Amino acid sequence: EIEATISGHLRHSLSNDLQKDWPCVGDWVVVRDGRAITEILPRRTELSRKDPGGGVREQVLAANIDVLFVVSGLDHDYNSRRLERYLILAAESGARPVVVLNKADLRMDLQDVVRRTEQCAPGVAVVAISALTGWGMEALTTEVKEGQTAALIGSSGSGKSTIANCLLGTRRQETTEVREGDSKGRHTTTRRELFFMPGGWLLMDLPGLRELQLWANPERVDQTFSEIAELALRCRFRDCTHRQEPGCAVRDAGLDPDRLANYRKLQRELAYLERESDIHLAHAQRKKWNAIQKAVRRHPKRK
């Protein structure tokens, strides 16, 4: 491990670009003289969310992830609707998601919870573990191959740092107790870290996300809600909204009403983001060309 800074040339080339173009955890970079980052190599995958600071901007959380462990604690932290948001995030990133149900020792109805989770995450591996006791942890290591990179993502208090410590076999990450009333946790992990694991793979421990605004293509909703998308193909009308139209295969299928409502909500959210992104991009382009035109007027061509 070494400490390095961004070279002046790279900093200048990035100065007017988007925040997403700056180095982030998981990036492969070219380092000169062991101290200066001169180049960021192309990313295979990119985990992003909408910048919670406001505006229409992408915030890259990590890069080059092969397996994304979406962690949910089986206490008050468990929320099927939030899991669906994380799965859209994973689909957009290009990483393979694995849902990790931590704190399995707290549930007497574990099999039922796993079954319900599999229904809201079709085609996605669901693993139940107890990082505190070590139960089921071997199932996680079988999901990652040697040379790959995995990441832990989830809300504060879900047990990500405890999982990292258990996989490492040592206490590397600080952990704290969650509140009994709502199982909320403090931001024990406040920075993104990368660990080399005994099995020859890399693990990222990402800080808990209190706010998860999506940054994804609207098509990712259909990918995550695949059973609804398949049913929609059988609707009588191609532009069916699955509300009041006659011959709607989605409405008549007897789906979980909460899941269907979340499907509609996420569709609206990403459609709005797409419209706002187009407006933001058009505004940035106009601002750029206005600046160029002003510069040309200030420096007329010599005759």
Side-chain angles (χ1 to χ4, degrees), residues 45-52 55-59 67-70 72 74 77-101 109 111-128 153-155 209 211-283:
T45 63
E46 198 172 75
L47 180 65
S48 301
R49 68 171 173 176
K50 182 177 176 291
D51 189 347
V56 185
R57 292 179 300 184
E58 178 182 4
Q59 180 190 35
V67 180
L68 185 63
F69 290 127
V70 180
S72 177
L74 291 182
D77 176 66
Y78 182 81
N79 186 308
S80 299
R81 307 290 78 85
R82 186 169 65 237
L83 277 176
E84 289 163 354
R85 296 182 74 89
Y86 275 113
L87 291 174
I88 291 178
L89 199 78
E92 182 69 20
S93 76
R96 180 173 66 86
V98 175
V99 176
V100 180
L101 302 178
D109 59 342
Q111 290 185 346
D112 185 48
V113 175
V114 170
R115 179 184 56 79
R116 294 203 312 267
T117 305
E118 289 173 340
Q119 290 176 346
C120 76
V124 176
V126 178
V127 179
I153 194 171
S155 56
L209 301 181
E211 185 177 355
L212 183 58
Q213 296 189 50
L214 295 176
W215 185 275
N217 190 303
E219 295 178 358
R220 300 302 183 192
V221 178
D222 284 346
Q223 184 175 338
T224 302
F225 295 78
S226 56
E227 81 284 13
I228 298 179
E230 291 174 5
L231 285 169
L233 297 176
R234 307 178 200 168
C235 291
R236 181 183 300 178
F237 302 105
R238 181 173 298 179
D239 58 349
C240 183
T241 62
H242 319 307
R243 294 183 182 276
Q244 304 297 330
E245 296 89 342
C248 175
V250 173
R251 194 181 64 252
D252 297 339
L255 298 172
D256 178 358
D258 291 336
R259 180 168 169 80
L260 182 56
N262 201 37
Y263 169 76
R264 293 167 175 158
K265 176 184 177 182
L266 294 171
Q267 276 190 323
R268 293 194 301 269
E269 181 178 331
L270 290 182
Y272 174 79
L273 175 65
E274 187 176 46
R275 291 194 301 270
E276 288 296 302
S277 298
D278 290 342
I279 294 171
H280 182 76
L281 181 60
H283 176 73

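Computed from heavy atoms alone, side chains included, the values below leave out hydrogens, waters and symmetry copies. As the structure is a computational prediction, the values presented were derived from the model and not from experiment.
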Asks: For the atom pair CG (Asp258) and NZ (Lys265), what is the distance rounded to the nearest 0.5 Å?
Replies: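 Answer rounded to 0.5 Å: 11.5 Å.
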Asks: For the residue pair Val99 and Ser72, establish whether any side-chain heavy-atom pair is separated by less than 4.5 Å.
Replies: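 Sidechains of Ser72 and Val99: no contact.
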Asks: Within a 6.0 Å radius of atom CD on Glu219, are there more than 12 heavy atoms belonging to other residues, nucleotides or ligands?
Replies: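 Result for CD/Glu219: open.
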Asks: Leu214 and Lys50: which non-hydrogen atoms are nearest, and at how many Å?
Replies: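 For Leu214 versus Lys50, the nearest heavy atoms are O-CB, 3.6 Å.
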Asks: Hey, could you give me the CG/CG distance between Leu270 and Asn217, rounded to the nearest 0.5 Å?
Replies: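 If we round to the nearest 0.5 Å, Leu270:CG and Asn217:CG are 8.0 Å apart.
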Asks: Does some side-chain heavy atom of Gln59 sit less than 4.5 Å from a side-chain heavy atom of Trp215?
Replies: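 The answer is no, as the side chains (C-beta and beyond) never meet within the 4.5 Å cut-off.
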Asks: So, taking the atom named CG in Asp222 and the one named CD1 in Ile88, what distance separates them when rounded to the nearest 0.5 Å?
Replies: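 Here the rounded value is 9.5 Å.
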Asks: Is Glu118 paired with Arg115 through a side-chain N to carboxylate O contact shorter than 4.0 Å?
Replies: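 Salt bridge between Arg115 and Glu118, a charged N being under 4.0 Å from a carboxylate O: no.
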Asks: Got Leu231 and Leu255 here, is their nearest side-chain heavy-atom distance under 4.5 Å?
Replies: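 SC-SC contact between Leu231 and Leu255 confirmed.
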Asks: Between Cys235 and His242, is a side-chain contact (heavy atoms from CB on, under 4.5 Å) present by the stated rule, with each step listed?
Replies: CA-CA 8 Å; Cys235 291; His242 319 307; 3.8 Å; yes
Asks: Rounded to the nearest 0.5 Å, what separation is found between the CZ atom of Phe225 and the CG atom of Leu87?
Replies: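 Phe225 atom CZ to Leu87 atom CG measures 8.5 Å (nearest 0.5 Å).
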Asks: How about Thr45 and Leu68: do any of their side-chain heavy atoms sit closer than 4.5 Å?
Replies: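 Thr45 vs Leu68: side chains apart.
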Asks: Give a yes or no on whether a salt bridge exists between Glu227 and Arg259, defined as a side-chain N under 4.0 angstrom from a carboxylate O.
Replies: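 A salt bridge is present here (some side-chain N lies under 4.0 Å from a carboxylate O).
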Asks: Taking Arg251 for the side chain and Arg243 for the main chain, is one N or O donor matched with an acceptor at less than 3.5 Å?
Replies: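 Here the side-chain-to-backbone pair exists.
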Asks: Could you tell me whether the side chain of Phe237 reaches within less than 4.5 Å of the side chain of Pro246, counting heavy atoms only?
Replies: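 Yes, close enough: below the 4.5 Å cut-off.
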Asks: How many angstroms lie between atom CZ of Arg268 and atom OH of Tyr263, to the nearest 0.5 angstrom?
Replies: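 Here the rounded value is 12.0 Å.
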Asks: Where do Arg85 and Glu269 land on the salt bridge (Lys or Arg N to Asp or Glu O under 4.0 Å) test, with the steps shown first?
Replies: CA-CA 11 Å; Arg85 296 182 74 89; Glu269 181 178 331; 2.7 Å; yes
Asks: Would you kindly say whether Gln213 and Arg49 are connected by a side-chain donor-acceptor distance under 3.5 Å?
Replies: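 Arg49 and Gln213 do not have a side-chain donor-acceptor pair below 3.5 Å.
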Asks: Consider only side-chain N and O atoms of Gln223 and Arg220, and report whether a donor and an acceptor are under 3.5 Å apart.
Replies: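 Checked: Gln223/Arg220 side chains pair up, N/O donor to acceptor below 3.5 Å.
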Asks: How about Tyr78 and Leu83: do any of their side-chain heavy atoms sit closer than 4.5 Å?
Replies: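 With C-beta onward as the side chain, the pair touches.
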Asks: On a heavy-atom basis, which atom in Glu245 and which in Asp239 lie closest, and how many Å separate them?
Replies: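 Reported closest heavy-atom pair: OE2-O, 4.5 Å.
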Asks: Report the distance from atom CG of Leu273 to atom CG of Leu266, rounding to the nearest 0.5 Å.
Replies: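 Reported to 0.5 Å precision, the distance equals 12.0 Å.
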Asks: Please confirm whether the backbone N or O of Asp112 pairs with a side-chain atom of Asp109, one donor and one acceptor, at under 3.5 Å?
Replies: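 Not a single qualifying donor-acceptor pair exists.
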